[in-house]
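Here is the naming used below: chain letters follow the sequence lines, and residue numbers restart at 1 for every chain. Since the structure is predicted, the reported quantities are computational estimates derived from the model, not experimental observations.
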Amino acid sequence: MALENRTLGNAQIITMPARLVKADAAPVREALKSLIGEGKNRLVLDMAATEFADSSGLSVLISALNSAKESGGEVVLLNPTRPIRSLLELTRLHHVFQIFEDADAAAASL
Amino acid sequence: MSTQSAAMSRPAGDAVLLVEDSLPERTRLRFILERGGYRVLEAGDGDAALEVLAAEPVNLIVSDWQMPRMSGVELCRKIRQELQLDNCYIIMLTGRSSRKDTLEAFDAGTDDFLAKPVDRDELLARLKVGRRLCKLQADLSQQYQQVQESLTREQQARALVDEDLEAASLLQRELLPPQFGQHPGLDVAHLFRPAAGLGGDMLNHVRLDTHRVGFFLLDVCGHGVAPSLLSFAVAHALGEMFADAGGDVRPHELLQSLNRRFHDRSGNGRFFTIALGIMDLRDGQTRICQAAHPPPLVIRHEGEIEPVPGGGVPVGVFADAQYETCEVLLQPGDQLLLFSDGLTECESAEMEQFGDERLHDLLRASQGLSPEHVLELVHETVTDWCGDDTLEDDLSVMILARQHEVGEGRRRFELMSRAEDIADTVDALREWLGANGVAEGLGFEFAVCVAEALNNVEEHGYGEESPGEIVIDCRLQIDAIECEIIDHAVPVTEMPSADLSPGDVENGRGWFILKSWMDRVEYVPAVQGNRLRLVKFKDSRRQKGAPD
């Protein structure tokens with residue numbers, strides 16, 4: 001699965017899918033992993049289009065963060081929708097990920 | 001008694017262990033003992049004595065105090081501590097009698113002393129005391145063992161009975177309708193709390209045809225096994241009667257035929273009270289018949305409380321009893337409450353009954369709430385009133401509530417436990433919630449929780465290798481969104497962990513989300529598989545974390 005991505009500064013802005021549940025998790029996980037494998041390990045995950053996610057979807061974000069960090073990179077989140085933000089907050093992931101509302105600021109942080 | 005004391009007076013071959021290092025003294029003592037009727041085992045020192053005892057635990061021991069290698073007191077200690085022979089009587093033969101020595105010997109487990117040179121009569125007399133004490137102790141321990149055994153048998157029998165009662169009580173619950181049910185335009189909820197594990201109350205509501213619902217709530221006099229068996233039988237009979245009921249049947253006809261069938265010829269006092277009715281779902285026209293039951297209450301949507309007139313004698317008392325059908329019209333938004341007298345007659349610590357007035361006030365105050373919410377308030381209030389969790393009498397309450405409007409208030413989803421199916425179903429659920437005006441945030445939280453519950457069935461219920469069927473029965477209530485997730489997978493015996501460790505990839509945070517966002521997460525007993533009930537209240541004051 002190819003995720004739409006563009007380069008901004010030294011970061012990759014990745015457009016996350018509208019739905020991120022267990023059925024969607026594996027291909028997204030692999031796509032992110034292969035980007036990181038190519039050395040593109042500074043990722044901004046653009047969550048603006050993501051309307052729905054479950055705990056398996058959240059684990060995709062965490063495994064991307066872990067792989068990126070192993071190679072000295074970083075993953076931040078951009079513009080999660082309000083419900084997704086409430087899910088991140090409930091599961092305390094807003095302490096694990098930096099969350100930005102502006103792509104430039106997100107890219108500049110990396 | 002006389003034969004026993006005769007037996008006591010003669011040793012009849014009781015064994016005595018004689019421990020004495022001096023051969024002449026030992027010979028003399030053996031002679032005395034044998035003449036006294038005892039069988040004598042001999043030991044020349046402590047070690048030999050221990051060997052004899054290891055082979056034959058003798059009850060009576062006569063030992064010299066001063067012996068080479070091991071003193072009598074040391075021997076005594078070993079007998080008590082190492083061989084752990086408690087039920088033996090040890091007489092120490094001694095030339096000394098200092099207070100300190102005596103205390104030390106007692107401490108070691110000596111029972112009695114005899115001064116040397118040993119007097120024949122005194123030795124035999126003291127042995128007789130020893131025998132009596134040993135016998136007493138043996139009797140006691142035998143009796144204790146018998147008591148223990150009979151206690152164990154009793155406990156086992158009790159456990160079997162408890163197991164049966166437990167099974168019967170589960171069966172009784174299986175006979176009940178789901179706690180929250182619906183017919184077109186009608187919500188039904190009930191509360192069923194037997195006083196003992198098995199209740200004499202029973203209730204049900206069933207569809208008779210496309211537009212009619214039959215319902216009843218009955219209370220067999222007493223509670224426990226016999227009343228509950230009768231309530232099973234009556235419920236079964238009523239089920240058949242409802243199934244056969246023609247379009248025009250009136251409740252009093254059903255009740256009269258029920259009365260003939262369950263007429264208590266034996267005069268054992270096996271009778272019951274009941275409220276029985278049939279409702280037309282199209283217009284709310286409801287026919288109700290009662291037999292000495294607390295009158296059902298109509299709760300008008302404007303808040304008025306109207307008892308349904310009726311009366312009659314209990315069912316089973318007179319074979320030719322006549323009953324009356326009463327008609328009430330339930331408007332949309334009206335509710336009908338049926339209950340057993342356990343509700344109004346439950347007593348406070350001051351022996352004051354809860355009473356009709358308090359019930360009416362409570363119902364007026366809960367006007368406009370969903371049946372589930374009303375029952376919850378009723379339950380809480382009554383439990384508070386009684387002051388504890390144990391009820392004196394069975395408590396059962398059923399509410400039939402005509403919906404304000406017949407709408408798209410219920411949706412059933414059927415799916416297989418596969419990730420793809422789950423994702424599609426949850427999409428459809430979100431769409432349905434949105435189309436029915438559920439607020440975005442609320443719908444999102446509800447849908448995430450359903451997704452987590454479904455994932456859990458997929459992973460831990462059926463297993464990813466062997467998907468199975470799942471049914472979701474989803475309902476929009478006035479004040480809540482709720483659903484039941486029904487599967488036929490391995491019954492859940494343990495709730496999944498609801499712990500959270502934010503940075504962990506593998507950690508299933510699903511159950512944590514579910515527990516946090518749902519206001520009710522409960523497994524409803526099922527014959528096989530699982531029924532998980534999830535409720536989310538719309539009113540934030542009733543949601544989790546809301547201040548009391």
Heavy-atom distance under 4.5 Å to chain A: side chain of [X], backbone, both or neither?
X: Ile513(B); answer: both
X: Glu452(B); answer: side chain
X: Arg418(B); answer: neither

### Message
Counting heavy-atom pairs closer than 4.5 Å to chain A, which one of Ala447(B), Gly441(B), Cys449(B) comes out on top?
### Response
Ala447(B)
### Message
Working note: Arg19(A) + Asp427(B), criterion side chain to side chain contact (heavy atoms under 4.5 Å, CB included); need CA distance, chi angles, decisive distance, verdict.
### Response
CA-CA 9 Å; Arg19(A) 191 185 73 183; Asp427(B) 283 348; 2.6 Å; yes
### Message
Apply side chain to side chain contact (heavy atoms under 4.5 Å, CB included) to residues Leu87(A) and Val448(B) and explain how you reach the verdict.
### Response
CA-CA 9 Å; Leu87(A) 185 61; Val448(B) 171; 4.2 Å; yes
### Heavy-atom closest contact (Ala53(A) atom, Phe444(B) atom, distance)
N-CE1, 4.3 Å
### Query
Can you name the closest pair of heavy atoms from Ala23(A) and Ala423(B) and give their distance?
CB-CB, 3.8 Å
### Message
Nearest 0.5 angstrom please: Arg92(A) CZ to Arg509(B) CZ, how far?
### Response
11.5 Å
### Query
CD of Glu458(B) to NZ of Lys22(A): how many Å apart, nearest 0.5 Å?
3.5 Å
### Query
Which of residues 459-472 of chain B have a heavy atom under 4.5 Å from any heavy atom of chain A?
Glu459(B), Glu464(B)
### Atom CZ of Arg207(B) with >12 non-hydrogen neighbours under 6.0 angstrom
yes
### Message
Counting only heavy atoms not in Glu89(A) (residues, nucleotides, ligands), do more than 12 fall under 6.0 Å from its CD?
### Response
yes
### Task
Kindly determine whether Asn455(B) and Asp54(A) satisfy side chain to side chain contact (heavy atoms under 4.5 Å, CB included), including the steps that lead there.
CA-CA 9 Å; Asn455(B) 288 341; Asp54(A) 66 5; 2.9 Å; yes
### Query
Using non-hydrogen atoms only, which part of Leu65(A) is less than 4.5 Å away from chain B: side chain, backbone, both, or neither?
neither
### Query
So which part of Ala25(A) gets closer than 4.5 Å to some heavy atom of chain B, the side chain, the backbone, both or neither?
neither
### Message
Test: salt bridge (charged side-chain N to carboxylate O under 4.0 Å, His left out). Region: residues 96-110 of chain A. Which pairs qualify, not counting sequence neighbours?
### Response
Arg85(A)-Glu101(A)
